[in-house]
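Notes for the one structure printed next.
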Amino acid sequence: MATRSADYDFSQIEPTWQKIWEDNNTFQAAAPGPQPKYYILDMFPYPSGAGLHLGHCENYTITDIMARYKRARGFNVLYPIGWDAFGLPTENYAVKTGRHPADVTKENVATFRRQLKSIGVSYDFDREVDTTDPKYFRWTQWIWLQLFKRGLAYVQDKPVWWCPALGTVLANEEVIDGKSEVGSHPVERRPVRQWVLRITAYADRLLAGLKDLDWPDSTKRMQEAWIGRSEGSEVDFDIADLPGERLRVFTTRVDTLYGATYMVVAPEHALVPRLTKPAQQAAVDNYIKAAASKSDLERTELAKDKTGTFTGSYAINPANGQKIPIWIADYVLASYGTGAIMAVPAHDERDFAFAQKFALPIPQVIAPADGSAVTLPFIEKGGSVVLVNSGECTGLTPAQAKERLDARFAAQGRGKATVQFKLRDWLFSRQRYWGEPFPIVWVSEADYRAVVAAHGSKLLVPTAPVTCTIDGTVRYALPIPESALPLQLPTVKSYQPTGTGESPLAAIPEWIEIWYHPATGESVPSSQPQPGAGWIRARRESNTMPQWAGSCWYYLRYLEPDNASTLASKQALNYWGVPDLYVGGAEHAVLHLLYARFWHKVLFDEGVVPTDEPFRKLFHQGIILGEDGEKMSKSRGNVANPDDIIRDYGTDTLRLYLMFLGPLEAMKPWNPKGIEGVHRFLRSIWREVVGEDGNLSAKVVAGPETDAQTERLLHATIKKVTEDIEGLRYNTAIPAMMVLRNHLQKADRVSRATIRAFLQILQPFAPHLASELWDRLGETTPIHTAAWPVADESKLVASTVKLVIQVNGKMRSDAMVAPDAAEADVLTLARADAKVAAHLDGKTLRKVIYVPGRILNLVVG
RNA sequence: GCCCGGAUGGCGGAAUGGCAGACGCUGGGGACUUAAAAUCCCCUGCCCGCAAGGGCGUGUGGGUUCGAUCCCCACUCCGGGCACCA
């Protein structure tokens with residue numbers, strides 16, 4: 001089976017073992033059974049045309065080492081890979097070349113798969129999934145229909161980046177400094193009909209669920225901040241000249257209500273037209289126009305200078321009946337809270353800046369309890385502060401005042417304690433071709449009601465119909481039957497943008513405009529005659545799903561990628577559950593991980609999955625920087641190419657070096673010289689086992705280890721490597737093995753048993769070399785089936801240990817003593833030591849600190 | 001501005017209250033060789049000293065402790081994230 005080379009010829013050894021693994025389906029996960037499982041997952045790769053980079057190699061080596069280790073520990077390991085293949089780069093390539101994105105995807109996937117195999121990753125390639133495969137996206141569409149049914153999907157006009165010159169809608173990342181990335185054309189915001197998912201309905205659960213997850217703290221905090229839960233109060237303000245109309249605000253400081261001297265509404269607030277008095281009309285119109293043309297960047301980054309204009313209207317402060325002016329300003333966001341605020345300039349920095357600029361009054365209503373003076377704005381709300389100038393609330397603490405005011409307004413039907421989130425609903429559609437089509441059709445209200453009456457029980461219809469207006473007509477979203485899934489993409493002649501902002505699908509009338517059979521989902525182009533009774537006129541959705549869709553649930557499909565009747569069987573879901581370890585970049589800390597958690601919770605509510613969190617343990621690998629410490633990029637010319645490194649050193653060396661560079665989670669620069677060190681390490685292990693003639697080295701002797709020191713070091717190394725793998729500290733496991741290698745190299749002979757164990761702990765890191773040498777040792781069963789060696793603690797205890805002797809905390813000498821030597825004995829020993837005695841001479845011993853087996857510290861003075 | 005992470009030799013890093021610098025790279029010296037490569041051995045934080053030895057040293061300043069890279073306080077710089085969220 002193995003190669004015959006006398007030297008460490010990795011270029012022969014590595015492909016040999018890769019072929020053996022492939023031919024034998026070595027890493028196929030076993031079917032659910034009594035064996036304990038371990039499910040390890042890499043973040044879903046996008047198969048770009050550029051192929052694998054070092055970051056991929058790092059990510060996949062981390063998980064591969066864990067997978068190989070867990071197999072050796074007796075787990076049934078599920079370690080799959082697949083392709084998140086829908087997406088913009090492929091579509092843009094199709095636009096440029098006219099080639100079908102599916103063909104391009106196939107080629108890119110083939111390249112990725114070949115490269116993955118060349119780094120020796122032990123994936124179960126039988127379980128590959130591809131989001132663009134109709135057999136896969138059938139279930140993406142099915143899950144989406146569950147969301148639709150539960151009222152979690154709706155349609156709304158949302159602003160997108162529109163580039164008139166390119167005639168297309170751009171993604172955020174395609175807009176750089178207010179210009180299109182391609183061609184630097186100006187872009188503008190334009191409202192487009194979009195699908196939106198009601199992720200905010202799950203905000204509380206997404207927040208609460210974080211608590212028990214074994215995730216990096218920073219990632220949890222980022223999700224927390226993104227969800228942005230904020231406790232406060234809603235209060236309705238009456239409007240002076242608009243009886244019956246009220247202006248609702250959200251505030252976290254209702255206690256400061258007596259200090260509210262004006263109100264601000266966002267320029268987009270619905271009440272603006274009615275609040276604006278004729279005298280202010282021109283100024284307000286101008287202000288709204290100016291605010292609308294500002295980019296998000298200008299509205300946020302140039303935030304220091306407050307702008308705004310008075311509407312002419314007044315509100316009544318419900319606390320004290322005072323008339324206060326209502327202003328419009330873009331420092332209030334339409335999308336948060338109620339889009340309107342009560343401004344308390346004395347106790348809010350933003351309101352303070354605004355009030356100063358426009359000369360509005362700034363009365364203080366919070367003061368230190370001890371009566372000391374403060375400078376405004378004074379933000380403190382905890383500690384010992386009390387309300388002042390606040391009528392009946394004067395003297396109360398902020399917490400007491402909040403309670404009192406909330407209760408008072410609740411009794412009046414004017415307000416209540418409430419909670420707000422920063423999290424927004426999720427814009428879930430793209431005006432693109434290369435994505436999953438939405439499995440609905442748009443029909444008339446009459447047809448919708450008739451179909452729901454006739455077939456509603458068999459369709460996934462929501463309680464409240466989802467409607468939108470297309471070409472001035474109100475349409476109803478009718479789900480296609482589950483039996484009609486998947487809804488496939490039509491072939492198009494051109495992937496060019498339509499020029500209208502709609503997807504290329506909108507330019508295929510025979511696909512968009514159809515006769516539709518609601519019970520079967522069949523359709524024919526509307527240009528043909530109506531096929532028969534019960535067929536209705538319908539229009540398909542031209543938007544497609546975003547790339548997130550396929551990556552929100554792929555970890556479930558790996559359990560049973562070929563299951564045609566369900567996304568995964570109960571048996572598989574109960575056995576494999578969710579990944580035990582999920583590894584990928586921190587750049588997905590918020591979006592992907594939040595979206596997937598949302599979908600998973602919906603599937604849990606639907607009874608599809610048995611748990612309500614998808615990723616219990618998460619790990620982010622750090623970025624590999626270029627030699628110059630900068631991010632690797634073609635333009636900087638500091639890119640290290642994995643293919644070149646594998647050619648020069650072999651993949652075992654590459655894998656080992658990537659893990660050796662530093663802590664797995666740290667950002668670390670690539671040093672092309674350092675790789676020589678780990679390569680030498682592997683070569684010297686080869687020489688320990690294989691003699692110059694290619695036969696087993698004469699140094700390797702049969703039988704158990706006879707050298708006690710070697711045995712102790714071996715067991716210490718096994719212990720260290722085992723613990724470091726479990727703790728994802730591979731960077732310290734490798735030096736431990738190097739120390740053992742250094743020791744063995746100096747020995748005259750080494751037992752076969754020692755070499756055997758050494759190869760076993762090396763195996764996850766350098767699987768090709770370890771497999772080859774294992775074979776050369778004459779082992780007949782594969783190394784990855786051998787049970788992981790266990791460190792024998794009894795072999796680790798030494799009869800004597802080095803005790804460090806300090807005088808006044810400075811190390812002066814050491815002595816070999818029994819680990820449990822008595823204090824009196826070591827003290828005698830220390831006094832007899834000339835180096836110690838010199839520092840004790842003429843001084844009084846004040847204190848003795850003795851930690852057996854570690855240190856003796858003599859304090860003198 | 002707010003939140004988080006980090007700072008250790010020429011370089012990547014190790015040590016989580018007890019010998020600072022494991023391991024690797026780089027550099028220097030030596031062995032082997034006709035020579036080179038490969039390989040092997042020794043040295044390689046800074047300062048004083050022929051040496052033995054001594055002093056200093058983990059971004060800065062303080063503190064706790066018999067003892068601090070490690071814990072606490074204040075600060076500087078670097079990296080990441082968020083950013084008018086009322």
Side-chain angles (χ1 to χ4, degrees), chain A residues 7 216-222 224-226 228-230 232-233 249-254 256 260 264 266 299-306 329-333 335-344 347-351 353-354 420-424 586-587 589-590 622-623 625 627 629 656-657 660-663 665-681 683-684 687 729 731-739 741-742 745-746 802-814 835 838 846-851 853-861:
Chain A
D7 297 320
D217 269 346
S218 59
T219 302
K220 286 200 205 182
R221 268 191 287 262
M222 277 163 72
E224 265 172 40
W226 190 263
R229 188 178 194 276
S230 175
S233 312
V249 301
F250 172 74
T251 176
T252 56
R253 296 296 307 275
V254 73
T256 62
V264 184
R299 271 181 79 155
T300 57
E301 284 206 348
L302 309 175
K304 298 120 215 167
D305 196 26
K306 297 276 182 291
D330 65 2
Y331 83 90
V332 171
L333 307 178
S335 53
Y336 181 78
T338 63
I341 61 155
M342 61 178 219
V344 185
H347 306 289
D348 181 285
E349 285 178 16
R350 299 152 300 182
D351 297 344
F354 190 84
Q420 280 291 333
F421 294 91
K422 281 192 221 173
L423 184 67
R424 307 290 150 80
E587 66 273 21
V590 177
I623 296 169
L625 303 171
E627 249 182 280
L656 206 64
Y657 186 50
F660 177 79
L661 273 178
E665 65 276 17
M667 254 192 199
K668 43 214 171 234
W670 177 256
N671 174 0
K673 287 216 175 108
I675 197 168
E676 296 280 357
V678 293
H679 189 64
R680 275 199 277 270
F681 168 61
R683 249 200 333 246
S684 69
R687 264 304 154 237
R729 294 180 300 266
N731 60 311
T732 49
I734 295 164
M737 291 189 280
M738 287 176 166
V739 170
R741 182 277 314 250
N742 291 347
Q745 217 171 17
K746 290 186 177 89
K802 192 166 90 172
L803 184 76
V804 169
I805 302 169
Q806 295 183 336
V807 178
N808 285 343
K810 289 201 178 191
M811 191 265 191
R812 295 299 175 187
S813 186
D814 56 51
K835 282 183 274 186
R846 308 249 181 231
K847 197 169 176 183
V848 176
I849 291 106
Y850 176 51
V851 184
R854 306 207 80 136
I855 202 153
L856 177 74
N857 188 13
L858 306 178
V859 184
V860 299

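Chain naming here is simple, since letters A, B, ... match the order of the sequence lines and numbering starts at 1 in each. The shown structure was predicted, so the numbers you read here are calculated from the model rather than taken from an experiment.
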P-based separation of B:A86 from B:C3 [nearest Å]: 15 Å

Sugar-phosphate only, base, or nothing, as touched by A:I341 at under 4.0 Å among non-hydrogen atoms: base

Counterpart residues, side chain to side chain donor-acceptor pair (under 3.5 Å), relative to A:R229 (two or more places apart): A:D204, A:E231

P-based separation of B:A51 from B:G67 [nearest Å]: 33 Å

Counterpart base for B:U69, defined by Watson-Crick or G-U wobble contacts under 3.5 Å: none

Sugar-phosphate only, base, or nothing, as touched by A:R741 at under 4.0 Å among non-hydrogen atoms: sugar-phosphate

Touch class at under 4.0 angstrom, heavy-atom based, for A:V851 against every strand present: base

P-based separation of B:G21 from B:A15 [nearest Å]: 13 Å

Glycosidic conformation of B:G45, taking syn as within 90° of 0 and anti otherwise: anti

Touch class at under 4.0 angstrom, heavy-atom based, for A:D217 against every strand present: nothing

Closest listed nucleotide, where the reference is the side chain of A:N857 and the choices are B:C84, B:G81, B:G67: B:G67

Distance between P atoms of B:G61 and B:U69 (Å, rounded): 13 Å

For A:D348, salt bridge (charged side-chain N to carboxylate O under 4.0 Å, His left out) partners two or more places apart: A:R350

Cation-pi, A:F354 ring and A:K306 (6.0 angstrom, 45 degrees): no

Where A:G337 and A:F250 come nearest, the two heavy atoms and their spacing: CA-CB, 4.3 Å

Nearest-neighbour nucleotide for the A:K668 side chain, B:G24, B:A86, B:G13 considered: B:G13

Residue matched to B:A15 through Watson-Crick or wobble contacts both under 3.5 angstrom: none

Touch class at under 4.0 angstrom, heavy-atom based, for A:Q806 against every strand present: base

Nearest-nucleotide pick for A:Y331, side chain only, options being B:G18, B:C84, B:C19: B:C84

Nearest-angstrom distance, C1' atom, B:C46 to B:U65: 28 Å

Phosphate-side-chain proximity, A:S230 and B:A86, N/O vs OP1/OP2 below 4.0 Å: yes

Candidate nucleotides B:C4, B:G13, B:C84, ranked by approach to the side chain of A:R221 - the nearest: B:C4

Touch class at under 4.0 angstrom, heavy-atom based, for A:R683 against every strand present: sugar-phosphate

Whole-Å gap separating C1' (B:C25) and CD (A:E676): 10 Å

Euclidean distance for P, B:A35 against B:G30 (whole angstrom): 14 Å

Pairwise C1' distance, B:G9 and B:U44 [rounded to whole Å]: 10 Å

Interatomic distance where CD belongs to A:Q420 and P belongs to B:A86 [whole Å]: 9 Å

Phosphate contact (B:A86 OP1 or OP2) by A:Y336 side-chain N/O below 4.0 Å: yes

Sugar-phosphate only, base, or nothing, as touched by A:V739 at under 4.0 Å among non-hydrogen atoms: sugar-phosphate

Sugar-phosphate only, base, or nothing, as touched by A:K422 at under 4.0 Å among non-hydrogen atoms: base

Whole-Å distance separating the CZ atom of A:F681 from the P atom of B:C25: 12 Å

Sugar-phosphate, base or nothing in reach of A:R680, heavy atoms under 4.0 Å: sugar-phosphate

Touch class at under 4.0 angstrom, heavy-atom based, for A:N742 against every strand present: sugar-phosphate

Short side-chain N/O contact from A:K810 to OP1 or OP2 of B:C56, under 4.0 Å: yes

Protein-nucleotide distance (A:R687, atom CZ; B:A38, atom C1'), rounded to Å: 11 Å

Presence of donor-acceptor pair under 3.5 Å, side chain of A:K673 and base of B:C11: no

Length of the line joining A:R729:CZ and B:A14:P, which is rounded to integer Å: 11 Å

Touch class at under 4.0 angstrom, heavy-atom based, for A:R812 against every strand present: sugar-phosphate

Who pairs with B:G5 - Watson-Crick or G-U, where each distance is under 3.5 Å: B:C78

Among B:G80, B:C23, B:G81, the one nearest A:P735 by side-chain distance: B:C23

Any A:N731 side-chain nitrogen or oxygen under 4.0 Å from OP1 or OP2 of B:A14: yes

Separation of atom NZ in A:K746 from atom P in B:U39, rounded to whole Å: 16 Å

A:F250 vs A:N671, nearer the 5' end of RNA chain B by closest nucleotide: A:N671

Shortest non-hydrogen contact between A:L333 and A:A266, atoms and distance: C-CB, 3.9 Å

